[in-house]
Amino acid sequence: MKLTRKAKIGLLFIGAERFCPLGQGTHDGTYLERKEKEYQDYINKIKEYGEIVHNGMVYTRQQAEDTLRLFNQNDVDCVVAIFMSWAEDYAWISFLKEIPNDLPLMLASVVRDEINIQDTNDENQFIDFLSAGALVGFLEASGSVKRFKKEKVQIEIGTLDVIAEKIKVFSSASKARAILRKTNISLLSCYNEAMYSTYVDPYNVYMKIGARLKFLSVADLAEEVSNIPDSHTNSVIEELSNKYKISQSVDPEKFFASVRATLAMEKLAADADTDLLVLNDIDTTLFKHIGLRPGFTPCDPKNETVTVPEGDIGGGLAVYILKILSGSHANFIEPFYINKTTNTFAAGHAGPNDYTEKSENVIIARDERFAKSKWKYAGAPFAWYVFPEGEKTMLHISEENGRMKLVATLVECLSTKHYLASYSHADFTHKTLNLEELFKKIASAGVNQHFGITSGNLLDELELFAKIMDFDFYRIDS
């Protein structure tokens with residue numbers, strides 16, 4: 001699954017058939033010629049944000065139906081409809097009648113930056129008056145949206161720059177929905193019985209999110225471990241050793257075992273066509289048969305499979321969705337404690353975490369948390385990572401009474417040294433709230449301890465994504 005692909009946007013431009021020949025011989029040409037130029041300008045602007053699918057200007061019912069077929073053939077993530085002026089009803093009504101109810105749809109109106117109509121006795125200005133009437137078509141179209149009971153249509157109006165930015169957010173959220181509907185989640189091997197609060201209904205995962213949930217076994221993982229060639233393991237160890245700093249406490253035999261188990265886990269996930277791997281990495285069955293928790297996924301930075309710990313599908317979805325929306329790296333965290341003196345909180349997590357964004361932030365180190373345990377490879381090393389500094393979107397996902405819930409805020413990740421052994425981590429703060437206020441608001445929404453983070457501000461995208469998916473959304477930004 002290509003998570004970082006561009007959004008695929010279906011553009012529907014509707015104009016007035018009866019206006020098309022008007023304006024022959026005028027300075028700016030006919031209505032048809034003006035609309036052809038105008039819609040091309042729109043495409044040039046909007047294509048900065050996604051892959052555009054369009055069928056030119058639409059004036060007739062047949063053209064509307066042809067355009068919808070084109071959208072279906074190209075499996076667009078969303079449709080944006082723009083009325084270029086007043087238009088006959090039949091094209092829009094035909095389109096609304098046939099478009100799938102669950103395909104995200106935006107009805108938008110572009111407001112010109114300036115209007116220079118002074119005297120419509122001048123034919124050129126009169127045609128410009130007809131051409132400028134996008135507001136007429138927009139208002140006309142809105143009534144049909146309601147009459148066809150298209151309740152989730154996104155309505156926007158503004159200049160081309162404003163609308164293009166709205167389309168960017170809308171198409172990004174729609175892309176996340178489309179990818180989720182084709183996602184395979186694999187749970188290895190079970191929910192975490194110590195954390196019932198993280199459980200989600202597998203049926204709802206399919207019905208309400210669209211992803212397919214598979215269950216992988218530790219027995220199959222153990223078999224894969226035995227099939228990994230020593231030469232492959234050693235070559236990956238060499239790559240890791242050349243790229244990252246290695247702590248002196250690392251045991252070479254346990255380093256080998258951890259890398260080999262990681263490669264086996266990635267092979268098992270790949271064979272199951274997995275996009276999101278949820279590993280119960282504190283399962284005693286895993287330690288009994290494997291002797292450790294695999295510590296180096298992703299071994300290959302080009303591997304886009306998202307892997308998260310502790311059997312938390314909601315937490316995994318938070319990381320996965322952030323990766324889709326940001327097109328970048330995302331990490332799994334839980335907030336540990338608040339340092340009241342500095343108004344910071346420490347957060348991170350043991351177990352698998354994407355460490356490939358910034359190599360200088362990685363130390364290959366012994367897993368101190370399990371170093372004194374009874375398991376065969378106790379203290380086997382992992383990629384100990386400090387998250388890069390900067391603004392982060394922090395997202396929680398869980399289930400409440402059959403509905404999925406998103407809780408999101410912005411935090412600032414601070415420059416942090418390696419100081420929490422066994423946990424990939426960093427120190428964070430909030431720009432506007434003291435941390436007691438922040439976590440009171442988060443807890444009031446009702447969460448568990450797991451969150452995803454990624455760089456940048458994605459609150460608008462997440463809010464729109466929740467609306468498209470019919471999820472509950474709590475935005476905490478002040």
Listing, residues 79-91 side-chain donor-acceptor contacts under 3.5 Å, not counting sequence neighbours, or none:
{"residue": "Ser85", "atom": "OG", "partner": "Tyr31", "partner atom": "OH", "Å": "2.5"}
{"residue": "Glu88", "atom": "OE1", "partner": "Glu17", "partner atom": "N", "Å": "3.0"}
{"residue": "Glu88", "atom": "OE2", "partner": "Glu17", "partner atom": "N", "Å": "3.4"}
{"residue": "Glu88", "atom": "OE2", "partner": "Arg18", "partner atom": "N", "Å": "3.0"}
{"residue": "Glu88", "atom": "OE2", "partner": "Arg18", "partner atom": "NE", "Å": "3.1"}
{"residue": "Tyr90", "atom": "OH", "partner": "Glu17", "partner atom": "OE1", "Å": "2.8"}

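- There is no side-chain donor-acceptor pair under 3.5 Å between Asn434 and Asn343.
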Report task. Would you sort out whether Ser424 and Tyr355 count as a side-chain hydrogen bond (donor to acceptor under 3.5 Å, both in side chains), showing the intermediate values? Result -> CA-CA 9 Å; Ser424 293; Tyr355 57 94; over 6 Å; no
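- What you find for Asp77 and Ala178 is that their closest heavy atoms are OD1-CB, 3.2 Å.
- For the residue pair Ser171 / Tyr49, no side-chain donor-acceptor distance below 3.5 Å is found, with atom types taken as modelled.
- A distance-only check finds a donor-acceptor pair linking the side chain of Thr305 to the backbone of Thr274 [under 3.5 Å].
- Remark: Glu123 engages Thr26, Ile127 in a side-chain contact (heavy atoms from CB on, under 4.5 Å) (not counting sequence neighbours).
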Report task. Kindly determine whether Glu437 and Lys440 satisfy salt bridge (Lys or Arg N to Asp or Glu O under 4.0 Å), including the steps that lead there. Result -> CA-CA 5 Å; Glu437 291 175 321; Lys440 181 178 179 180; over 6 Å; no
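- Each of Thr297, Val319, Asn331 was evaluated against Asn353; a single residue qualifies, Asn331, per the side chain to side chain contact (heavy atoms under 4.5 Å, CB included) test.
- Contact detail for Lys323 and Leu3: the closest heavy-atom pair is CD-CD1, 3.9 Å.
- Asn184 contributes no side-chain N or O that, together with a main-chain N or O of Asp275, makes up a donor-acceptor pair within less than 3.5 Å.
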Report all side-chain donor-acceptor pairs from residues 157-165 shorter than 3.5 Å, counting only partners two or more places apart or in another chain.
{"residue": "Thr159", "atom": "OG1", "partner": "Val162", "partner atom": "N", "Å": "3.4"}
{"residue": "Asp161", "atom": "OD1", "partner": "Lys45", "partner atom": "NZ", "Å": "3.0"}

Requested in this report: Apply the test side chain to side chain contact (heavy atoms under 4.5 Å, CB included) to residues Val145 and Trp92: give CA-CA distance (whole Å), side-chain angles for both, the deciding distance (0.1 Å), then the verdict.
Outcome: CA-CA 10 Å; Val145 167; Trp92 177 236; 3.8 Å; yes
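- Counting only N and O atoms by type, the side chains of Thr454 and Lys392 include no donor and acceptor under 3.5 Å apart.
- The environment of NZ in Lys467 is crowded: more than 12 heavy-atom neighbours from other residues, nucleotides or ligands sit within 6.0 Å.
- One finds the CG atom of Leu317 at 5.5 Å from the CD1 atom of Ile397 (value rounded to the nearest 0.5 Å).
- Under the 3.5 Å distance criterion, the side-chain polar atoms of Glu266 are matched with a main-chain donor or acceptor of Cys299.
- The ring-ring contact (aromatic ring centres under 6.0 Å, His included) pairs that include a residue from residues 322-343 are Phe332-His349, Phe332-His450, Phe336-Tyr423, where partners are two or more places apart or lie in different chains.
- Taking Ser398 as the reference, His396 meet the side chain to side chain donor-acceptor pair (under 3.5 Å) condition, with sequence neighbours excluded.
- Checking side-chain atoms of Lys208 against main-chain N and O of Gly402 turns up a donor-acceptor pair under 3.5 Å.
- Ion pair Asp102/Arg177 flagged as a salt bridge, since at least one NZ, NE, NH1 or NH2 atom sits closer than 4.0 Å to an Asp/Glu carboxylate oxygen.
- Between the side chain of Ser172 and the backbone N or O of Val169, no donor-acceptor pair lies under 3.5 Å.
- Applying the 6.0 Å contact sphere to CD of Glu391 captures more than 12 heavy atoms from other residues, nucleotides or ligands.
- Applying the side-chain contact (heavy atoms from CB on, under 4.5 Å) criterion to Asn44, with sequence neighbours excluded, gives Gln40, Lys47.
- The aromatic ring centroids of Phe345 and His430 lie 6.0 Å or more from each other.
- In this structure a side-chain-to-backbone donor-acceptor pair under 3.5 Å is missing from Asn339 to Thr344.
- By the 30° and 60° cut-offs, the orientation of the rings of Trp384 relative to His425 is tilted.
- Counting all heavy atoms, side chain and backbone alike, His54 lies closest to Leu11 at CB-O, 3.7 Å.
- If you check the side chains of Gln154 and Lys166, you find no donor sitting under 3.5 Å from an acceptor.
- The distance from the CD1 atom of Ile321 to the OG atom of Ser326 is 11.5 Å, given to the nearest 0.5 Å.
- Taking the six-membered ring for Trp and the full ring otherwise, the centers of Tyr196 and Tyr199 sit less than 6.0 Å from each other.
- For Tyr206, the OH atom sits in a loose shell: 12 or fewer heavy atoms of surrounding residues, nucleotides or ligands are nearer than 6.0 Å.
- Considering every non-hydrogen atom in both Ile333 and Met394, the closest pair reads CD1-SD, 3.9 Å.
- Here the straight-line distance linking atom OG1 of Thr30 with atom CG of Leu22 works out to 8.5 Å at 0.5 Å rounding.
- Formation of a donor-acceptor pair under 3.5 Å by the Tyr191 side chain with backbone atoms of Glu310 is not found in this model.
- Residue-environment remark: CZ (Phe439) exceeds the threshold of 12 foreign heavy atoms within 6.0 Å.
- A salt bridge between Lys340 and Glu436 is present, with a side-chain N of the basic residue lying under 4.0 Å from a carboxylate O of the acidic one.
- The local environment of CZ in Arg61 is sparse, with at most 12 non-hydrogen atoms from other residues, nucleotides or ligands closer than 6.0 Å.
- Look at Asp273 and Arg212 and you find no salt bridge, because none of the NZ, NE, NH1 or NH2 atoms lies under 4.0 Å from a carboxylate O.
- The main-chain N or O of Ile209 is never found under 3.5 Å from a side-chain atom of Asn204 such that the two would form a donor-acceptor pair.
- Between the side chains of Asn124 and Asp122, not a single donor N or O lies within less than 3.5 Å of an accepting N or O.
- At least one donor-acceptor pair under 3.5 Å links the side chain of Thr393 to the backbone N or O of Leu458.
- To the nearest 0.5 Å, atoms CG (Leu406) and CG (Leu395) are separated by 5.0 Å.
- For Lys405, the NZ atom counts as densely surrounded, since its 6.0 Å shell holds more than 12 non-hydrogen atoms of other residues, nucleotides or ligands.
- Note: Cys20 SG to Arg34 CZ = 12.5 Å, rounded to the nearest 0.5 Å.
- For Arg403 and Asp470, the salt-bridge test passes: some basic side-chain N is under 4.0 Å from an acidic carboxylate O.
- Closest of all the heavy-atom pairs between Gly456 and Leu410 is O-CD2, 4.1 Å.
- Contact between Thr416 and Asp427 at its shortest, heavy atoms only, is OG1-N, 3.0 Å.
- In this structure, Lys175 contributes its side chain and Arg5 its backbone to a donor-acceptor pair below 3.5 Å.
- A 6.0 Å sphere centred on NZ of Lys150 holds more than 12 heavy atoms belonging to other residues, nucleotides or ligands.
- Put simply, CZ on Phe71 and CG on Asp66 are 11.0 Å apart, with the number rounded to the nearest 0.5 Å.
- Salt bridge status for Arg112 with Asp128: present, with a side-chain N to carboxylate O gap under 4.0 Å.
- Other residues, nucleotides and ligands contribute over 12 non-hydrogen atoms within 6.0 Å of the NZ atom of Lys152.
- The shortest distance between side-chain heavy atoms of Phe471 and Phe465 falls below 4.5 Å.
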